[in-house]
Amino acid sequence: MVKILIVEDDKAINDLIAMNLKLVGYEYVQAFNGHDAIKVMENEHPHLVLLDVMLPYIDGFSLMERKTFGDIPVIYLTAKVNLSDKIRGLNLGADDYIVKPFETVELLARIEAVLRRTNKAEQEVKIAGTIIYLDEHIVTVNGQPVDLTYREFELLETLVKNRNIALSREKLIELAWGYDYYGDTRTVDVHITKLRKKLHLESHIKTIYKYGYRLEIER
Amino acid sequence: MKFWQKIFISSIILFVIVFNVGAYFIVSYSYEFTLQREKESSIREQTVILSSINTSIKNYEKALPGAPRDLIILSSIIKPLAEYYSSQNVSLALYKDDKLVYSSAPAIDAELLKNNGSTKIYNTKVEDKRYLFISSGITDFKNLTFVYVRDISLVDAYKRKVSQFFARISVIVILALSIAYYFIIKNHTNPIKRLNMATKKISNGAFNERVNIKRNDELGELSNTFNAMADSIEEKISELISQAEKRQQFIDNLAHEMKTPLTSILGYSEFLQNAMSSEEERIKAASYIHRSAKQLSILSTQLLDMAFLSNDELKLSELKVKDLLDALKNIVMPLLQHKHLCLKISNELEIIRGNESLILSLLTNLVENAIKASEETETIEIKVFANKNPVFEIIDYGCGMTNDELSKILDPFYRVDKSRSKESGGAGLGLSIVKKIADLHNAKIEISSQVGIGTKVRVTFYNSLTT
């Protein structure tokens, strides 16, 4: 399982990120200041670091300068929005930069993108008898491959990456098919129905009343 | 045209005019003078020749009385004289009535002959040569006119030479003067150039630029004034910059202070809305939302307090110190009890001048800080006494601070212990507010602290009554 180190001094935000990571199936380690982060790195080997810039004792930039995290990809989490800080952060070897306040799905998407770039992302997801091979775009039910259209697969992929999180129909369209997709939100319903049927996921893909859908997987 | 060029050209022009006018008068005067001398000597010579001619004619008449005075005889009398004087640039002529008897001279103006026995002097140019004509009737022979002509071209030549000399001199002097002037004027106007350059640099933002001109004249004075002006501009500018930096820092920090609770409110509410969560997680999320909202609320109250302190005129009145301390005790009591702290108050003052609610807010803030720094069951002391001026001291025996922390303690949003003070609800503005209130009361805050031993905050009121 992918393990993520969260370095953030505000306990509320640190816990928030932790809860969301847990939701979609990541493991996590928490650190609340610069010293903590260094100590954690002695024992743990996370696959990715979420790093706040303004930290007590040793700030995020200094941690980067000290090469605390070695080759592990780093995403900054910060309230600072000015460009020079952004550039400085990225120059120090960060992989991405996310500004507080952020949406959970956005954070998850960034994490997913960085993990995919570094080949550490999840390859297959198992839901009951259904296995989804994310890289190969193959889905099997009880060992038998199932034909999915490209759009159906994209929708499924989005649900899987944001599992246990309810997504509105609009959000699903945006995340699965992109901003430029001109479709009725009813299209989502049609595709969901097909996915449920083809993959036997009737009990897992929940309809959230007047909102959207949520793929629920045991945690 | 540049200033130095103006001075240079006008000086040179003035000099040329004065020099040449002077030269002209000198040349003219000396010419007139020489001419006059030539005239005088000519007149003397003419008189001599005239009398000798007169005598010769008389002698001739005595020797040959009644003999006709014909032209040949007259001419034979004058001819030897004329030949003798021709070597001295003098020509002679003799007329009988209007008729020429003899002449070795150039053409003669007929006017000269109408002299009626008197002497006429006349100088004119004939064919590039100047001649002095002196005509007079011969003393004893009224119908004869003698004309003495002297070539005075030399006088003209002399004038020409002197003029040329002056022209040459003037060219040389002007050249020499120009060079000398150039350096002198350049040297004198150089400070202007330097002042100008310094002004340009300063206007381009180099506020540390100064001129180094040491002179005892107006330019030296000007450059001193200029430097003083530059000093004050630099000072003002750096003040503005540091103010702007402080404000920027304040805004940056404020943004951070607001974003942190906002991030958790947004995040947890999103979580509650969308996540498949357990009961435990939902309670956790709700309590975080509640806490963050409370934090924002405290922040906004304190910001409003600060804005209020910046804008409002202060109403001062005489306050009973005892009442103040009682009110303070009531406010902080719950916090003290929560940590089982003991509060010791000693008071030697009766009245202090100030704004009741502000002074109470100042003391509350300081005591709250002391409570935050203290461990359970420790003691906090408040000492009020007069040391020329009223002094309030708040002393704790808690964790204390390092010098580094002490130097930042008055900065807005600075927290000594971030995680703990956030949990106890501070926004990091407490001491900023204390500082503002102290400023409004002309009070001075001194903080001394040692790690592990404790912290002492002393507030001295300088505009207040001591009783």
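Chain naming here is simple, since letters A, B, ... match the order of the sequence lines and numbering starts at 1 in each.
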Considering all heavy atoms, the nearest [X]-[Y] contact:
{"X": "Y211(A)", "Y": "Q273(B)", "result": "CE1-NE2, 3.6 Å"}
{"X": "M276(B)", "Y": "R214(A)", "result": "N-NH1, 3.6 Å"}
{"X": "L16(A)", "Y": "Y268(B)", "result": "N-OH, 2.9 Å"}
{"X": "K259(B)", "Y": "V99(A)", "result": "NZ-CG1, 4.1 Å"}

Within-4.5 Å side-chain heavy-atom neighbours: N20(A) and F271(B): yes
Distance in Å, [X] [atom1] paired with [Y] [atom2], rounded so as to fall on 0.5 Å steps:
{"X": "E103(A)", "Y": "N274(B)", "atom1": "CD", "atom2": "CG", "value": "9.0 Å"}
{"X": "L23(A)", "Y": "S277(B)", "atom1": "CG", "atom2": "OG", "value": "7.5 Å"}
{"X": "K22(A)", "Y": "S278(B)", "atom1": "NZ", "atom2": "OG", "value": "6.5 Å"}

Check against side chain to side chain contact (heavy atoms under 4.5 Å, CB included), M19(A) and K284(B): CA-CA 10 Å; M19(A) 280 159 76; K284(B) 198 173 173 186; 4.2 Å; yes
Does [X] [atom1] have over 12 foreign heavy atoms under 6.0 Å away?
{"X": "K435(B)", "atom1": "NZ", "value": "no"}
{"X": "Q450(B)", "atom1": "CD", "value": "no"}
{"X": "K201(B)", "atom1": "NZ", "value": "no"}
{"X": "Q249(B)", "atom1": "CD", "value": "no"}
{"X": "N403(B)", "atom1": "CG", "value": "no"}

Of D15(A), D10(A), I13(A), the residue whose pairing with Y288(B) passes side-chain contact (heavy atoms from CB on, under 4.5 Å): D15(A)
Check against side chain to side chain contact (heavy atoms under 4.5 Å, CB included), F102(A) and T263(B): CA-CA 7 Å; F102(A) 46 80; T263(B) 304; 4.1 Å; yes
